[in-house]
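Below is one structure, written out as C-alpha cells; comments come after it.
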Amino acid sequence: KKIQTADATTVYGGNIWNATQKLGYDFSDKLRLDIKGTYYHNKNDLRFGRLYRDLFSDRSVSAQFKYIPVENRQMNFLYIYDRYKKDKDYFRAGVVTTDYRNITKTFKADYEENFNAHCLSAGAEVNRERLKHYMHKDSSTQSVDFYAFYLQDNWEVVRNLNFIAALRADYHRKYHWHFTPKLNLMYAPCRAFTLRAGYSRGFRSPSLKELYMDYDMGGQGFLQLVGNPDLKPETSRQYSLSAETTAGGVNFSLSFYHNRFKDQIVWVYWKTENQMAYNRTMNAETSKTRGM
C-alpha cells in the first residue's frame, strides 16, 4: 500500500494586549456622565522568510452625557474617537512603517420627549474619517466629512394602532444633500395578532476604498483592484409587509420585502486583451431584491 504523508504547517502565534475601562459619574439625579476607553495591541510572531513583524493596534474613547430635565424629556450627547493602525516593524533596522491607519470621529446629539400620544425624537450627527491605506495609490491618505439630521414622531393613534413618521437629511461633502423619509404602520386588531407595513428610502455614500482604491493584488500584475472617484451615491426604496400571531405559546410570522436600488455600488470584473484583469467599482443601471 502507498503511504500518504501530511505536509507540516507552521502556526504563528502573537502577543495580544486588550484593556477596557468604564467610568460613570452622577452629577445629580438629572445629569450623568459615562466614559469608556479601550486599548488593543497585537504583535505577530516573525514569519519565516520575512524581515518584519506585523503590528495591529486600536485606541478608542467615548464620552456620553445624559440629561433628564423633567420626567418625559431626555437629551443625550455622545462623542466617539477611534484610531486603528496596521504597521510593519523592521526590528533589525529599527524602522516602523504604517500600512493602514483609520481615524474616525463621531459626535451625536439627540432629544426625546413624550407628550400625550406622541414620542418625538430629533437629533444630529457629525462624522469625520481619515484613511491611509496601502491599497490607495502611493499609500495616500484620503478624508471625508458628512453630517446627518433626523426628526421622528412615534404616534399611538389609538390603543391598537401605531404610526411612525421620520425624515433624515444627510449632507456629504462630495454628494451634498440627500433626504430619506420613513413611514411605518402597526395594527393589532387583537392581542394575539399584529400587522405591520412600512416604506422607507435609503442613502449610502461610497466608502473611501470604493472611491480611491488602486492596488495590484499580489504584486504580480495580473489583478488590479481599482476604485472609481466618479461613483454616484447609492439610493434605494424599500417596501415591507408582515403578519405575526401567537397561539398556545408558539409564535408564527410571515414577512415580505421588496427593494429597488438606484446607482447601486458593485464590483465589476473584466480582462483586457493582454490578459490583465481588473476589478472596479461601478454604479449598476438597475438592481432590485425581494424576499419572503
Side-chain angles (χ1 to χ4, degrees), residues 12-27 30-45 52-68 74-91 95-112 121-136 138-150 152 168-175 202-213 215 227 233-234 265:
Y12 295 93
N15 190 330
I16 299 175
W17 290 83
N18 199 349
T20 301
Q21 179 64 53
K22 298 179 181 179
L23 296 172
Y25 184 76
D26 290 313
F27 295 92
K30 297 181 179 181
L31 181 63
R32 176 177 174 83
L33 170 65
D34 290 290
I35 298 176
K36 179 181 178 181
T38 63
Y39 172 79
Y40 171 82
H41 182 81
N42 183 354
K43 183 178 181 179
N44 285 350
D45 285 346
Y52 62 87
R53 290 190 179 96
D54 287 323
L55 303 177
F56 304 87
S57 64
D58 182 64
R59 300 175 184 177
S60 66
V61 61
S62 64
Q64 181 178 20
F65 276 101
K66 180 180 289 186
Y67 179 50
I68 307 176
Q74 179 175 298
M75 288 179 279
N76 289 286
F77 303 91
L78 175 66
Y79 175 77
I80 303 173
Y81 171 87
D82 186 273
R83 189 197 70 167
Y84 179 82
K85 285 181 64 181
K86 178 183 179 296
D87 295 332
K88 285 188 174 73
D89 179 19
Y90 296 89
F91 54 94
V95 176
V96 176
T97 61
T98 299
D99 277 347
Y100 177 101
R101 180 175 59 243
N102 185 223
I103 299 175
T104 58
K105 301 176 183 178
T106 303
F107 175 76
K108 297 181 180 180
D110 62 72
Y111 171 86
E112 182 177 306
S121 303
E125 183 176 327
V126 179
N127 291 276
R128 293 184 173 180
E129 179 181 8
R130 288 177 57 84
L131 177 64
K132 171 183 169 61
H133 204 297
Y134 62 92
M135 289 188 178
H136 289 169
D138 301 324
S139 297
S140 62
T141 298
Q142 304 291 342
S143 63
V144 64
D145 297 339
F146 53 95
Y147 313 87
F149 307 89
Y150 75 88
Q152 176 175 294
R168 179 183 172 97
D170 289 270
Y171 180 81
H172 190 283
R173 186 178 63 187
K174 183 178 178 71
Y175 301 109
F203 164 77
R204 184 177 82 84
S205 60
S207 68
L208 291 174
K209 290 182 184 179
E210 291 168 334
L211 287 169
Y212 303 112
M213 182 181 294
Y215 182 66
E234 179 181 302
I265 300 168

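All residue numbers in this chain count up from 1 along the given sequence. Keep in mind the model is a prediction, meaning the values are calculated, not measured. Just the heavy atoms: all of them, side chains too, but no hydrogens, waters or symmetry mates, feed the values below.
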Compare all side-chain heavy atoms of [X] with those of [Y] and state whether any distance is below 4.5 angstrom.
X    : Y    : result
K209 : L131 : yes
L211 : K174 : yes
I103 : Y81  : yes
Q21  : L23  : yes
S207 : M213 : no
Y40  : I16  : yes
K88  : D54  : yes

The single option from H172, R128, R173 that satisfies side chain to side chain contact (heavy atoms under 4.5 Å, CB included) with Y147 is R128

message = Ring centres under 6.0 Å, that's the criterion: do Y79 and F77 meet it?
response = no

Residues passing the side chain to side chain donor-acceptor pair (under 3.5 Å) test with D87, sequence neighbours excluded, are K85, T98

Side chain to side chain donor-acceptor pair (under 3.5 Å) filter on R53, not counting sequence neighbours, yields none

Open item on the list: I'd like to know whether CZ of R204 has more than 12 heavy-atom contacts from other residues, nucleotides or ligands below 6.0 angstrom.
Closed with: yes

For F203, is there any backbone N or O sitting under 3.5 Å from a side-chain donor or acceptor partner on R168? no

Q) Taking the side chain from N15 and the backbone from K43, do they hold a donor-acceptor pair closer than 3.5 Å? A) no

Straight-line distance of [X] [atom1] to [Y] [atom2], nearest 0.5 Å:
X    : Y    : atom1 : atom2 : value
I265 : E210 : CD1   : CD    : 4.5 Å
K66  : L78  : NZ    : CG    : 11.0 Å
Q74  : Y67  : CD    : OH    : 12.0 Å
R101 : H133 : CZ    : NE2   : 12.5 Å
K132 : L208 : NZ    : CG    : 14.0 Å
K30  : M75  : NZ    : CE    : 10.5 Å

Using 30° and 60° as the class boundaries, would you call the ring planes of F27 and F65 parallel, tilted or perpendicular? parallel

Requested in this report: Verify the distance criterion only: is there a donor paired with an acceptor across the side chains of Y84 and D82 at less than 3.5 Å?
Outcome: no

Query raised in the report: If you measure only the distance, is there a donor-acceptor pair under 3.5 Å linking the side chains of N127 and E129?
Result: no

Closest heavy-atom pair and its distance - [X], [Y]:
X    : Y    : value
S205 : P233 : CA-CB, 4.4 Å
A148 : D170 : CB-OD1, 3.6 Å
A124 : Y150 : N-CE2, 4.4 Å
H41  : S57  : ND1-CB, 4.0 Å

Could you tabulate the donor-acceptor pairs under 3.5 Å formed by side-chain atoms of residues 31-39, not counting sequence neighbours?
from, atom 1, to, atom 2, distance (Å)
R32, NE, D34, OD1, 3.2
R32, NE, D34, OD2, 3.1
R32, NH1, D26, OD1, 3.1
R32, NH1, D26, OD2, 3.2
R32, NH2, D34, OD1, 2.9
T38, OG1, S60, OG, 2.4

